[in-house]
Amino acid sequence: KEAMKKLFREVVAEIVQSEQSGITEEKNKSNINLKVLSLARGFAMHKTAQEIVQLFQEVTALFADQHQREVATNFFVDTLSMAGTPASVEVIAKLIQENKMTQVQIANFFMWMPHYIVYPTTQALEKLYHVIRSDKIQQAAMPVRNVAIASFTQLLQQACFSEDRKVAYPTFVTGEFCRPNSNVVQNQWMPYLIGQLSSARDVNERNIFLVALGTLQHKDIVRELIPYVSGALTHHVGQKVTTLNRLMATYSLANIGHLQPNAVVPTLLNVFSNPSEAAEIRIAAFNCLLRMNPTTAAFQRIAAVTQQD
């Protein structure tokens, strides 16, 4: 702990000196980056959130100057986000709930979260879920909320669905952290995304949830996307389903269509074969059909439609 406090003193002093003397960030970058990595490793060694909170209080108490304290706080939060442990996630969640992180810091945390999380335990995933569902994120600026939704969905895909999860995370020591049927996926996040898609009153907001749903490799999502792709759903909550909505749904379906090809391929074929569809919709359907590795009969129908056009 004392070594980390010493590093914080040094880094804050270097940042403040750079600001005052006009030294370029490039000249100081390598030195500060090494200390950043050391601090991130130091945070990873703290097993409980209480230890990190205590360190946070002690670090901020080191600086009497208001500006130095702000620099120290910003640097603490940014470095803590890189630790990727359950304890660090718990502290970040606490700081967000207590309004101790700026909108930029929150967006930055969520943007890099799928990369930094090393131990996506059930507890950590549940914490993140509740933070994102809280008013602090739901009522935040739209870019912050969108980044949080997209990043958490990506994290769940990596930790719960991806075939690489057993080598990407230390499961040989801890066991699997998450599965497709885990509670945070099956009963919390998927119903949230589907519910938000159903109630979205803004065209762009609808796109966020269409793309997010297409990130998760879950067969139950296929049936949620097909009505958008096929054109069966033309209006929702009083708002027209736009061409862009259908494009987003089509490419999302392409990501997960292999889970239920018997339902997806006929839908895409019907869209591609329909001359009254917009050209961009038909092109998207064609591109996605190729990714489905369809049968010979499907290719023959594609060829026939192409010849007629």
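This is a predicted model, so every value here is computed, not measured.
- Follow the hydrophobic side-chain contacts under 4.5 Å out from Val229 and you reach Leu290 in the same cluster.
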Using the side-chain contact (heavy atoms from CB on, under 4.5 Å) rule, take Phe109 and Val77 through it: C-alpha gap first, then chi angles, then the decisive distance, then the call. CA-CA 9 Å; Phe109 165 71; Val77 170; over 6 Å; no
Go through the steps to decide whether Leu55 and Glu51 satisfy the test side-chain contact (heavy atoms from CB on, under 4.5 Å), and finish with yes or no. CA-CA 6 Å; Leu55 177 61; Glu51 293 177 3; over 6 Å; no
Derivation of the side-chain contact (heavy atoms from CB on, under 4.5 Å) call for Thr122 and Val184: CA-CA 8 Å; Thr122 299; Val184 69; over 6 Å; no
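- Formation of a donor-acceptor pair under 3.5 Å by the Thr60 side chain with backbone atoms of Gln57 is found in this model.
- Counting only distance, with no hydrogens or angles, the side chain of Asn108 and the backbone of Gln105 share no donor-acceptor pair below 3.5 Å.
- One hydrophobic cluster, built from ILVMFWY side chains closer than 4.5 Å, cannot hold both Leu268 and Ile283; they sit in different ones.
- Side-chain atoms of Glu280 never come within 3.5 Å of backbone atoms of Leu247 as a donor-acceptor pair (strictly under, hydrogens ignored).
- Looking at every heavy atom in both residues, Asp65 comes nearest to His67 through OD2-N, 3.0 Å.
- Ser162 contributes a side-chain N or O that, together with a main-chain N or O of Asp164, makes up a donor-acceptor pair within less than 3.5 Å.
- The hydrophobic cluster containing Leu39 does not contain Met45, counting ILVMFWY residues as joined when their side-chain heavy atoms lie under 4.5 angstrom apart, directly or transitively.
- Between Arg145 and Glu205 a salt bridge is recorded (basic side-chain N to carboxylate O distance below 4.0 Å).
- Contact record, Val89 with Ala124: CG1-O, 3.9 Å, taken as the closest heavy-atom pair.
- Listed for the Asn245 side chain is no donor-acceptor partner under 3.5 Å among the backbone atoms of Val241.
- Although no hydrogens or angles enter the test, the distance criterion places no donor-acceptor pair under 3.5 Å between the side chain of Arg291 and the main chain of Cys288.
- Heavy atoms only, all atoms of each residue included: Phe75 and Ile15 are closest at CD1-CD1, 4.3 Å.
- There is a path of hydrophobic side-chain contacts, each under 4.5 Å, that joins Ile226 to Leu244.
- Here Glu90 contributes atom CD and Thr121 contributes atom OG1; the two are 9.5 Å apart, rounded to the nearest 0.5 Å.
- Ring geometry for Phe8 versus Phe76: interplanar angle under 30°, hence parallel rather than tilted (30 to 60°).
- Classification of the Trp112-Tyr116 ring pair by plane angle, with boundaries at 30° and 60°, yields tilted.
- Other residues, nucleotides and ligands contribute at most 12 non-hydrogen atoms within 6.0 Å of the CD atom of Gln123.
- Side-chain N or O atoms of Arg179 include none that pairs as donor or acceptor with a backbone N or O of Cys160 at under 3.5 Å.
- A cation-pi arrangement is absent between Arg69 and Phe63, since the terminal nitrogen or guanidinium carbon is not both under 6.0 Å from the aromatic centre and inside a 45° cone about the axis.
- Looking at residues two or more places apart in sequence or on another chain, you find a side-chain hydrogen bond (donor to acceptor under 3.5 Å, both in side chains) between Glu58 and Lys5, Gln54.
- Within a 6.0 Å sphere centred on CD of Glu98, other residues, nucleotides and ligands contribute more than 12 heavy atoms.
- Judged by distance alone, with hydrogens and angles left aside, the side-chain atoms of Gln239 form no donor-acceptor pair with the main-chain N or O of Val203 at under 3.5 Å.
- When all heavy atoms of Ala40 and Met82 are compared, the closest pair comes out as CB-CB, 4.2 Å.
- Pairing each heavy atom of Thr153 with each of Ala212, the nearest pair is CG2-O, 3.2 Å.
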For Ile256 and Thr215, what are the C-alpha separation, side-chain angles and deciding distance, and is it a side-chain contact (heavy atoms from CB on, under 4.5 Å)? CA-CA 8 Å; Ile256 60 176; Thr215 302; over 6 Å; no
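- When side chains are defined from C-beta on, Met248 does not count as touching Arg206, because their heavy atoms never get closer than 4.5 Å.
- For Tyr119, the OH atom sits in a loose shell: 12 or fewer heavy atoms of surrounding residues, nucleotides or ligands are nearer than 6.0 Å.
- The distance from atom CD of Glu163 to atom CD of Gln217, rounded to the nearest 0.5 Å, is 9.0 Å.
- The two residues Asn99 and Lys136 come nearest to each other via the heavy atoms ND2-NZ, 3.0 Å.
- With contacts defined as side-chain heavy-atom distances shorter than 4.5 Å, the pair Gln138/Ile132 qualifies.
- His218 pairs with exactly one of Glu224, Gln186, Gln157 by the side chain to side chain donor-acceptor pair (under 3.5 Å) rule, that one being Gln186.
- Residues Val185 and Leu259 share a single hydrophobic cluster, defined by chaining ILVMFWY side chains whose heavy atoms lie under 4.5 Å apart.
- Formation of a donor-acceptor pair under 3.5 Å by the Gln139 side chain with backbone atoms of Ser134 is not found in this model.
- Distance check: Leu210 CG to Ile221 CD1 gives 11.0 Å after rounding to the nearest 0.5 Å.
- Judged by distance alone, the side chain of Arg282 and the main-chain N or O of Glu277 form no donor-acceptor pair under 3.5 Å.
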